[in-house]
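Here the structure comes first, spelled out in structure tokens, and everything after it is commentary.
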Amino acid sequence: MEQDSIFMQSAIDEAKKSRSEGGIPIGAVLVRDGEIISRGHNRRVQDNDPLMHAEINCLRNAGRIGQYRDTVLYSTLMPCYLCAGAAVQFGVPKVVVGESVNFAGAKDLLLDKGVEVVNLNLPELVQMMGEYIETHSDIWNEDIGEL
């Protein structure tokens, strides 16, 4: 659990970086053998790219790493279907999530495909996303396809 908090803090740092760039505050890190091998954050707004969610950015930044069966993906928010699908496609066996209060995401898809999901339900992240959604509902609704 202590390792989860260390890696989640790195994902939170990525979320804050996105927010400071004018983007959606969601961050992710990919871990292998107790070390972060990649980082990413939501870049949809910054790059004008509808696919550049935090988890996708993180996986892209990892490059070609071969197999993923010994990795853990940390995300500050429950992954959507796009990002959950990428985790399933590449065989990521475990996803650790910062919160799912503001967005339920695709937890059932992950579980149905055998991915272990650990939800930390961190109040800091619930507050950060809640405030973002309240003040940027148009961008958030675009992000989740709810326009």
Side-chain angles (χ1 to χ4, degrees), residues 1-65 68 70-111 115-146:
M1 201 59 159
E2 185 178 326
Q3 260 193 336
D4 282 346
S5 64
I6 292 168
F7 297 134
M8 185 55 68
Q9 185 57 56
S10 293
I12 292 168
D13 293 345
E14 287 293 320
K16 289 177 179 178
K17 182 175 181 180
S18 182
R19 183 179 60 191
S20 75
E21 295 170 350
I24 301 169
I26 305 170
V29 297
L30 188 64
V31 174
R32 175 183 274 159
D33 297 327
E35 299 212 8
I36 295 173
I37 62 170
S38 184
R39 303 169 184 274
H41 55 272
N42 190 297
R43 297 199 47 83
R44 290 186 68 254
V45 174
Q46 300 93 311
D47 294 351
N48 196 32
D49 182 343
L51 298 177
M52 199 45 60
H53 289 205
E55 300 88 343
I56 300 298
N57 183 238
C58 181
L59 292 169
R60 176 178 269 174
N61 289 339
R64 295 182 61 215
I65 65 167
Y68 293 77
D70 57 351
T71 63
V72 178
L73 181 63
Y74 288 79
S75 178
T76 57
L77 187 66
M78 184 65 72
C80 68
Y81 285 99
L82 171 70
C83 300
V88 169
Q89 176 69 29
F90 293 117
V92 175
K94 181 177 179 180
V95 176
V96 179
V97 178
E99 72 106 342
S100 63
V101 172
N102 288 293
F103 182 66
K107 178 181 180 180
D108 290 340
L109 172 68
L110 291 165
L111 292 172
V115 177
E116 178 185 356
V117 177
V118 176
N119 191 343
L120 302 177
N121 288 316
L122 299 174
E124 171 189 3
L125 293 176
V126 172
Q127 180 181 350
M128 183 169 60
M129 276 309 303
E131 288 173 358
Y132 183 84
I133 291 167
E134 187 176 315
T135 58
H136 299 86
S137 60
D138 55 335
I139 295 171
W140 173 247
N141 288 331
E142 177 188 324
D143 190 64
I144 61 170
E146 297 285 328

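Since the structure is predicted, the reported quantities are computational estimates derived from the model, not experimental observations. Just so it is clear, the values below take in all heavy atoms, side chains as well, and ignore hydrogens, waters and symmetry mates.
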Not counting sequence neighbours, which residues clear ring pair (Phe, Tyr, Trp, His ring centres under 6.0 Å) with Phe90? List them please.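 Result, ring pair (Phe, Tyr, Trp, His ring centres under 6.0 Å) vs Phe90: Tyr68.
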Not counting sequence neighbours, list each pair that qualifies as a salt bridge (Lys or Arg N to Asp or Glu O under 4.0 Å) and has a residue in [range].
{"range": "residues 70-87", "result": "Arg32-Asp70"}
{"range": "residues 86-111", "result": "none"}
{"range": "residues 121-134", "result": "Lys16-Glu124"}

Least distance between heavy atoms, [X] atom then [Y] atom:
{"X": "Phe7", "Y": "Val29", "value": "O-CG2, 3.6 Å"}
{"X": "Ala15", "Y": "Gly27", "value": "CB-N, 3.5 Å"}
{"X": "Ile56", "Y": "Cys83", "value": "CG1-SG, 3.9 Å"}
{"X": "Ala104", "Y": "Met78", "value": "O-CG, 3.0 Å"}
{"X": "Ser10", "Y": "Ile36", "value": "OG-CD1, 3.3 Å"}
{"X": "Gln3", "Y": "Gly34", "value": "NE2-CA, 3.9 Å"}

Leu125 versus Leu77: any side-chain heavy-atom pair under 4.5 Å?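 Answer no - side chains too far apart.
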Compare all side-chain heavy atoms of Ile12 with those of Gln9 and state whether any distance is below 4.5 angstrom.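 Result yes, sub-4.5 Å side-chain heavy-atom pair found.
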Between Ile144 and Phe103, is a side-chain contact (heavy atoms from CB on, under 4.5 Å) present by the stated rule, with each step listed? CA-CA 9 Å; Ile144 61 170; Phe103 182 66; 3.6 Å; yes
Kindly compute the distance separating [atom1] ([X]) from [atom2] ([Y]), expressed to the nearest 0.5 Å.
{"X": "Thr71", "Y": "Ile37", "atom1": "OG1", "atom2": "CD1", "answer": "6.5 Å"}
{"X": "Leu82", "Y": "Met52", "atom1": "CG", "atom2": "CE", "answer": "9.5 Å"}
{"X": "Thr76", "Y": "Leu120", "atom1": "OG1", "atom2": "CG", "answer": "11.0 Å"}

Holding to side-chain contact (heavy atoms from CB on, under 4.5 Å), I want the full list of residues that pass it with [X], two or more places apart in sequence or in another chain.
{"X": "Ser38", "result": "Leu30, Cys58, Asn61, Ala62"}
{"X": "Val88", "result": "Leu110, Lys113, Val115"}
{"X": "Gln46", "result": "Ser18, Glu21, His41, Arg43"}
{"X": "Ile133", "result": "Asn102, Met129, Trp140"}

For Arg44, which residues count as a salt bridge (Lys or Arg N to Asp or Glu O under 4.0 Å) partner, sequence neighbours excluded?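 By the salt bridge (Lys or Arg N to Asp or Glu O under 4.0 Å) rule, Arg44 matches Glu142, Asp143.
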Taking only residues two or more places apart in sequence, or in another chain, which ones meet Arg60 in a salt bridge (Lys or Arg N to Asp or Glu O under 4.0 Å)?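 If we apply the salt bridge (Lys or Arg N to Asp or Glu O under 4.0 Å) test to Arg60, skipping adjacent residues, there are no hits.
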Please report the C-alpha distance between His53 and Ile26 in whole Å, then the side-chain angles of each, then the deciding distance to 0.1 Å, and finally whether the side-chain contact (heavy atoms from CB on, under 4.5 Å) criterion is met. CA-CA 8 Å; His53 289 205; Ile26 305 170; over 6 Å; no
Could I get the full list of side-chain hydrogen bond (donor to acceptor under 3.5 Å, both in side chains) partners for Ser75, not counting sequence neighbours?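 Result, side-chain hydrogen bond (donor to acceptor under 3.5 Å, both in side chains) vs Ser75: Glu55.
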Could you list all the ring pair (Phe, Tyr, Trp, His ring centres under 6.0 Å) pairs where at least one residue sits in residues 16-39, not counting sequence neighbours?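 Those involving residues 16-39 do not exist here.
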